[in-house]
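Written out below as structure tokens is the structure these notes cover.
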Amino acid sequence: MPRRPKPLIEQRTTRTALGLYGVLLVLPTLVFAWLHWRELVKTQEAEMAAVPEEAADGARRIWTSMQRKLDELVDAESQRPFTDYAEYVLPSEPIGDELRPQRSSLTRGKLPTGILAYFNFDRSIEGSPIDVFVGDDTYGRKGVPESFQPVIEEFRRQRPDPVRIAPLGPEGQPRAVPLSAVALTLGDGDLACLNSCSQYMIDRAMTVRVDPFRLQFFLDSEGRPRAVASRRVRATVGPVDVPADAPCLAPLIKGFHLQQGFLLDVQWLLRELPFDIASRVLDANQSLVRPDTSRTMDRLDSRFATFYPIEKLGFETFRPGDAKYGALDVEIDTSEIAARFRRQKRNLLAVAAMLVLTLATGMTLLYRSVDRELEQARRTQNFVAAVTHELRTPVSTIRLHGEMLLDGWIEDEEQRKEYYRRIVRETGRLSTLVENVLEKSRLKESVSEPVAADLSEVVRRLEGDLTSPTNPDDLAFELAPNLPPVLLTHEGVSGILSNLVENARKYAPVPPGGEPILVRTSWDGRRALLEVLDRGPGIPDEERERIFDAFYRVGSEATRTATGTGLGLHLVRLHAQAAGARVSVHPRPGGGSIFRIAWRPA
Ligand code: ADP
């Protein structure tokens, strides 16, 4: 049976309650969750925005460290006297009778890290050979290693026409260098000749100016990167008389213009050094990568800062684009940030989901409670209507019949008796109603203490009262022997049975010769059962729980034919509860209802 629609006033009350709940609880919760979410998103954006700056900072740390390392190297090389750029040099003390040259520091031991080779040539002499020194092995005029050839070509290419030796300008910082030291560096190594004029060289010096090293970078003719540090050394000699028998001094007398320096190891400079520094100065989520290896990969969670070491370290370049050679990326892995925010967002969503669940539960409970309250009010209203109806019908019948009897309208003796009987019956109905209402309030307040007894025995004693004197065949009993004793009161069982039997007679009357209403006791293995079975219309599923509520009646006063107050089954439940028993209703196989009261053994 479909539930009847709620009256408008009830709908409004429910709506108001839910509306209030929404405004006071749901709305602030939603606003709070939204604000929190926005805050989270903003923080994430701010953190992400700071990442490029962090990467740039990482790059700065790397190239400043590289700069320091390179400066150290160049500074150390600047200390090396220009005269060391020769295969043999003289010891630092002044010469004696005989020159005793020793191998230059460039030709001894290992090369410093980062340096591939040293070179030296005279720019003032066109076609002057280039001396190349690579540590233990000195090639010098004997020839240069294959790999160095392109560099030499580049030097030759860059070399301008023979340079004139101009007098040293005022800006220079000339130094006086003993002629003997220079002679060994520049001369052709003719020791015999030099020895012969050693006396001459004593106390004579050249004025020499050594420029600072300049850094240059270029791609050679084969496209290989070359980094070079070179300096100019210029020297003049004052007006001196040159002995005719000393041809080995001749080149010195006209002065010279040397270009010397060293070739840097590009592999060390652009790979080993920065990666070594990066491993020390970068944070855990930062790494140094070469753009060609990093960019080709699909790294959505990374941010980069690119820097160009050649440019940053102050190398001069000759061709456009060379300065961009060897670019490096500082890569910041943002996946950790992203993962952290994902975690936080998930937590927020979980909390929000819990809140929604809690609020939804609250809303449902509120809705149910309002609904229950309204239902209760409706039942009370029904009850008032029912009681009014119940009162009015017998009262008007009694009054009508009484007046007719009083006025002497009924002359037939039999008919008069019938009128008296009606008056008595209606009075009985009135008193049942009053009894029911009284019984309800009494059961709510106090009941007598239940005692352990045999259920079948108690029911047997009620058989007489329940059987109708006019229609004794409409009720049958089936009582199980030897039931375990249960806790009950005599009046409770009587109240239960009289209501159930009365209902059965009212809603499932037995037609002549039909199957009687059955009162049955049994033991289901765990509980003692008292059941009333009829062949009536049965109770719809959705009504099964509610028919035991006070004043609840199936349908409405307008559609019902049977009279009642909606109290009978409620009284049954109150009686059952007072004895600790459970009441339920079930469909009866073959049609009808089974009303069941179940007791646990005492
Ligand atoms: P009343 O009989 O005064 O209406 P009750 O509390 O005794 O009140 O019963 C509640 C409702 O349960 C009744 O209105 C009726 O519709 C339904 N009902 C009770 N007993 C039966 C039955 N044996 N068969 C069908 N319906 C029943």
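Counting begins at 1 with the first residue of the sequence. No hydrogens, no waters, no symmetry mates; every other heavy atom, side chains included, goes into these values. For ligands, and for the atoms within them, numbers begin at 1 and follow the listed sequence.
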Between D329 and R290, is a side chain to side chain contact (heavy atoms under 4.5 Å, CB included) present by the stated rule, with each step listed?
CA-CA 6 Å; D329 274 351; R290 285 157 57 184; over 6 Å; no

Working for side chain to side chain contact (heavy atoms under 4.5 Å, CB included), residues W523 and L529
CA-CA 6 Å; W523 174 250; L529 307 180; over 6 Å; no

Stepwise, does the side chain to side chain contact (heavy atoms under 4.5 Å, CB included) test hold for F304 with V330?
CA-CA 6 Å; F304 302 93; V330 169; over 6 Å; no

Side chain to side chain contact (heavy atoms under 4.5 Å, CB included) assessment of V519 paired with V459:
CA-CA 9 Å; V519 174; V459 175; 4.0 Å; yes

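In summary, R527 and D524 engage in a salt bridge, as defined by a charged side-chain N under 4.0 Å from a carboxylate O.
Those atoms of ligand 1 with a heavy atom of F595 less than 4.0 angstrom away are 20 (N), 21 (C), 22 (C), 23 (N). Ligand-side atoms of ligand 1 in range of Y552: 10 (C), range being under 4.0 angstrom from any heavy atom. Close contacts between ligand 1 and V554 involve ligand atoms 14 (O), 16 (O) [criterion: under 4.0 Å to a heavy atom]. Within the listing of ligand 1, atoms 5 (P), 6 (O), 7 (O) sit less than 4.0 angstrom from a heavy atom of G568.
For atom 27 (C) of ligand 1, the nearest non-hydrogen atom from the set I539, L571, N503 belongs to I539. Comparing D534, V501, I547 by heavy-atom distance to atom 23 (N) of ligand 1, the nearest is D534.
Evaluation of the salt bridge (charged side-chain N to carboxylate O under 4.0 Å, His left out) test over residues 27-49, restricted to residues two or more places apart or in two chains, returns E47-R340. Listed by first and then second residue, the side-chain hydrogen bond (donor to acceptor under 3.5 Å, both in side chains) pairs involving residues 26-37 amount to none (not counting sequence neighbours).
Using modelled atom types, one finds a donor on one side chain and an acceptor on the other under 3.5 Å when comparing Y552 with E543.
Residue R553 has at least one nitrogen or oxygen atom sitting less than 3.5 Å from a nitrogen or oxygen atom of ligand 1, judged on distance alone. The shortest N or O to N or O distance between P537 and ligand 1 is not under 3.5 Å.
By the 4.0 Å heavy-atom criterion, F548 is excluded from the residues contacting ligand 1.
Using a 4.0 Å cut-off between heavy atoms, K506 contacts ligand 1 through its side chain alone, with no backbone atom that close. No part of L500 comes within 4.0 Å of ligand 1, judged by heavy-atom distances.
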